[in-house]
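One structure is given here, and the rest of the page talks about it.
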Amino acid sequence: IHNGVDLPPAPPAAEADPQKPFTILYVAKFMPYKGQRQAVEAFDRLLTRHPELLGHVRLVMHGFNNDQAFYSALQERMEQGTLRGAVEIRPYGMAKTVADIYRGADLFLFLTRYEGFGLPVVEAQAMDIPVICSDIPVLREVGGEGAGYVDREDPDAVAEVLYRMITDPAAREALVKAGRRNRDRYGWDRMARETLAVYLEACA
């Protein structure tokens, strides 16, 4: 039985802004296992292979600084080569809601090595954002058919998937629709009904 999740309502459809860079969002605390370094390396491969994307695509990372050495090394890497000016770090901010954090993203990327649940995947799906994440069992269970899965240790493969998602609106829309179906699994009402059914069966 999946835990219930308090999810934000899906945002109203917004008109596309041709001046706005395509935004890849990454939400996680800054620690090595969370995969920000893998995301940055894949993003670098993407921009190196497709220089036409420079200035038109950005990687935005939201998260608390939980590991100063890792955080500092990541900031240093962000200033090298094609990454300079293309990667942005934003603190969570105590007053920010889930909707505030995810608003404006065109794609959600999550290359974590392990998770207990993987809430950001479902949060992104609730916000109608296509999801690409690590191909690990827990995220396959949580993301279902509503996410695309990649090998976090293969930056070339991740870059290839990112490019396809950036350039193929139909692929993004397919993941959005699948994500909508998947997020419905996490309602509190469903969790309560399934839990009650287990108790009734045990007491029968």
Applying side-chain contact (heavy atoms from CB on, under 4.5 Å), run through N65 and Q68 and close with a yes or a no. CA-CA 7 Å; N65 176 10; Q68 186 58 49; 2.6 Å; yes

Considering only NZ, NE, NH1 and NH2 on the basic side and carboxylate oxygens on the acidic side, decide whether [X] and [Y] come within less than 4.0 Å.
{"X": "R190", "Y": "D184", "result": "no"}
{"X": "R152", "Y": "D135", "result": "no"}
{"X": "R77", "Y": "E79", "result": "no"}
{"X": "E41", "Y": "R37", "result": "yes"}

List the steps, then state whether side-chain contact (heavy atoms from CB on, under 4.5 Å) holds for F22 with R58. CA-CA 6 Å; F22 187 97; R58 63 178 175 174; over 6 Å; no

Give a yes or no on whether the ring-centroid distance for Y33 and Y114 is below 6.0 angstrom.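 Distance test on ring centres: under 6.0 Å, yes.
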
I'd like to know whether the aromatic ring centres of Y149 and F110 sit less than 6.0 Å apart in this structure. no

Please lay out, stage by stage, how H62 and Y26 fare under the test ring pair (Phe, Tyr, Trp, His ring centres under 6.0 Å). CA-CA 6 Å; H62 271 276; Y26 204 106; over 10 Å; no

Just do the side-chain contact (heavy atoms from CB on, under 4.5 Å) check on V150 and I132 with the steps written out, would you? CA-CA 7 Å; V150 293; I132 299 296; 3.9 Å; yes

Exercise: do S72 and Q75 side chains pair donor with acceptor under 3.5 Å: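 The criterion, which ignores hydrogens and geometry beyond distance, is not satisfied for Q75 and S72.
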
Any [X] side-chain heavy atom under 4.5 Å of [Y] side chain:
{"X": "L162", "Y": "L107", "answer": "yes"}
{"X": "V131", "Y": "Q125", "answer": "yes"}
{"X": "N66", "Y": "F30", "answer": "no"}
{"X": "M61", "Y": "L74", "answer": "yes"}
{"X": "V57", "Y": "P21", "answer": "no"}

Enter the distance from M191:CE to R185:CZ here, rounded to the nearest 0.5 Å.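 The CE atom of M191 sits 14.5 Å away from the CZ atom of R185.
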
Distance col, row M127:CE vs R180:CZ, nearest 0.5 angstrom, shows 12.5 Å

T97 backbone acceptor or donor facing D100 side chain under 3.5 Å: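 Yes.
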
Would I101 end up clustered with V60 when hydrophobic side chains under 4.5 Å apart are linked, directly or stepwise?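 Result: yes, single cluster for both.
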
For D106 and K20, run salt bridge (charged side-chain N to carboxylate O under 4.0 Å, His left out): C-alpha distance rounded to whole Å, both residues' side-chain angles, the deciding distance at 0.1 Å, then the answer. CA-CA 10 Å; D106 298 294; K20 172 184 169 295; 2.7 Å; yes

